[in-house]
Amino acid sequence: MSVENSFAAARAFALVLFLALSGSLGISSPATALTAAATVRDANSIQLGDVTYRLDGVDAPELDQICIDDHADPWTCGIEARDQLTKLVGGKPVRCDDVGPEKNFGKRHRAVCTVEGDKVSLNEQLLKLGFAIAREPTKANVKPAAAEAKTASAGIWKGCFVAPQEFRTGKKDGALLGAACRADRDKEIRAVLFPEELTAPPSCAIKGKLAVRARVTGNIGIYHLRGCPSYAATTQPDRWFCSEDDAQASGFRRAYNCRRPK
């Protein structure tokens, strides 16, 4: 073998070795499919092991979100939506097929998730019950189920609500959705959907405030942990979170004067 050929072969081997090492030492990408016992974080998110997925094509009310029912009474639609998803899972193993990254929710990926033994995905079932709205982008076949729920005034569609995305960002002038919305009661309805004193869901004690200054770091708000100097001073929070992971996934950063409690 000539010197030139020997050098070329050595260089090719080095390149293959580098790529192999890069793949083994780098951050591994999420598995394309995972089946395990499931923990429902909220109606948008399901956790398998240490991996949390967003249900693809689904945008459900947040745990601290309020809706109005068909009797004009406020109700905790976010908690009810989570409970409905929990019932659908029923304690059985769940398979989640990863369909790509979720740009608006931290490091979480979107997935089509199905309970073991079921033929219809949780994504589609939750939408058909009316406890979520369809959300782009989507690879799951959910649009027919979402349209059916809206037509039947099922779940949150029986009353009046704002899209979860608009609740998350505090867009108080967004469109009102649902069969019970009344144009002549617009101001009163919005006051209920965006109360000055937002009630904290059970076991959710992290306060979130929307803040323009948070945009410097690519966030929409700042969260404050119990025990932090800024916690007591943060009155009338815009959001309540159950974990730092949930707060960060919703686009909030931790307050700079707030250290993790020991």
Side-chain angles (χ1 to χ4, degrees), residues 39-47 58-87 105 126 129-133 155-178 180-182 185-211 214 219-255 258 261:
T39 299
V40 174
R41 299 282 290 269
D42 56 37
N44 288 318
S45 311
I46 189 167
Q47 183 173 339
V58 173
D59 204 11
E62 298 295 331
L63 289 178
D64 52 348
Q65 186 169 349
I66 300 297
C67 298
I68 293 174
D69 67 15
D70 51 340
H71 299 294
D73 293 322
W75 64 300
T76 52
C77 54
I79 292 177
E80 179 62 25
R82 178 202 60 189
D83 293 346
Q84 289 292 329
L85 181 58
T86 301
K87 290 178 183 178
F105 289 87
L126 189 67
L129 288 173
F131 284 96
I133 63 175
I156 57 176
W157 289 102
K158 68 183 178 182
C160 190
F161 65 99
V162 295
Q165 174 63 20
E166 297 190 346
F167 172 77
R168 285 191 290 269
T169 57
K171 189 177 180 182
K172 298 181 180 181
D173 60 349
L176 297 179
L177 307 174
C181 296
R182 291 178 52 178
R185 292 289 184 268
D186 184 90
K187 185 177 180 180
E188 293 90 335
I189 290 173
R190 293 181 190 279
V192 173
L193 300 181
F194 292 94
E196 292 186 4
E197 293 288 345
L198 188 64
T199 302
S203 303
C204 300
I206 298 175
K207 297 178 179 179
K209 287 288 285 186
L210 297 168
N219 298 284
I220 63 172
I222 299 169
Y223 68 87
H224 307 265
L225 300 172
R226 189 188 296 276
C228 295
S230 56
Y231 189 86
T234 303
T235 59
Q236 298 181 343
D238 298 305
R239 295 293 314 279
W240 287 95
F241 299 106
C242 305
S243 70
E244 286 195 77
D245 184 48
D246 291 338
Q248 292 166 8
S250 292
F252 286 68
R253 67 161 174 81
R254 189 194 304 178
C258 190

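None of these values were measured; they are calculated from a predicted model.
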>> Whether the side chain of D42 engages the backbone of N44 through a donor-acceptor N/O pair (distance < 3.5 Å, no angle test) should be reported.
In response: yes

> If every non-hydrogen atom of C204 is compared with every non-hydrogen atom of L63, which pair is closest and at what distance?
Replying inline: SG-CD1, 4.4 Å

>> Between L198 and W240, is there a side-chain heavy-atom distance shorter than 4.5 Å?
In response: yes

>> Quick check: closest heavy atoms across D70 and K158, and the distance to 0.1 Å?
In response: CB-O, 3.4 Å

>> Please tell me whether D83 and T86 have a donor and an acceptor in their side chains that are separated by less than 3.5 angstrom.
In response: no

> Charged N to carboxylate O under 4.0 angstrom, R190 versus D186?
Replying inline: yes

>> Using a 6.0 Å cut-off, check whether atom CD of Q236 has over 12 heavy atoms from anything other than its own residue.
In response: yes

>> Give me the atom names and distance for the closest heavy-atom approach of T169 to L210.
In response: O-CD1, 3.7 Å

>> Could you check whether any side-chain heavy atom of F167 comes within less than 4.5 Å of a side-chain heavy atom of V162, counting everything from C-beta outward?
In response: yes

> When rounded to the nearest 0.5 angstrom, what distance separates CG in D245 from CD in Q47?
Replying inline: 7.5 Å

> Does K207 use its side chain to pair, donor to acceptor, with the backbone of S230 at less than 3.5 Å?
Replying inline: no

> Given the rule in the salt bridge (charged side-chain N to carboxylate O under 4.0 Å, His left out) test, do D246 and R41 qualify, once you have shown the distances and angles that lead to the verdict?
Replying inline: CA-CA 9 Å; D246 291 338; R41 299 282 290 269; 2.8 Å; yes

>> If I compare all heavy atoms of S243 with all of I206, which pair ends up nearest, and what's the gap?
In response: C-CD1, 3.5 Å

> R254 pairs by side-chain hydrogen bond (donor to acceptor under 3.5 Å, both in side chains) with which of Q248, H224, E244?
Replying inline: E244

> Do you know which two heavy atoms are closest between K171 and F194, and how far apart they sit?
Replying inline: O-CZ, 3.6 Å

> Going by an N to O cut-off under 4.0 Å, is there a salt bridge joining E188 and R182?
Replying inline: no

> Given the rule in the disulfide (SG to SG under 2.5 Å) test, do C77 and C67 qualify, once you have shown the distances and angles that lead to the verdict?
Replying inline: CA-CA 6 Å; C77 54; C67 298; 2.1 Å; yes

> Between E166 and K172, is a salt bridge (charged side-chain N to carboxylate O under 4.0 Å, His left out) present by the stated rule, with each step listed?
Replying inline: CA-CA 7 Å; E166 297 190 346; K172 298 181 180 181; over 6 Å; no

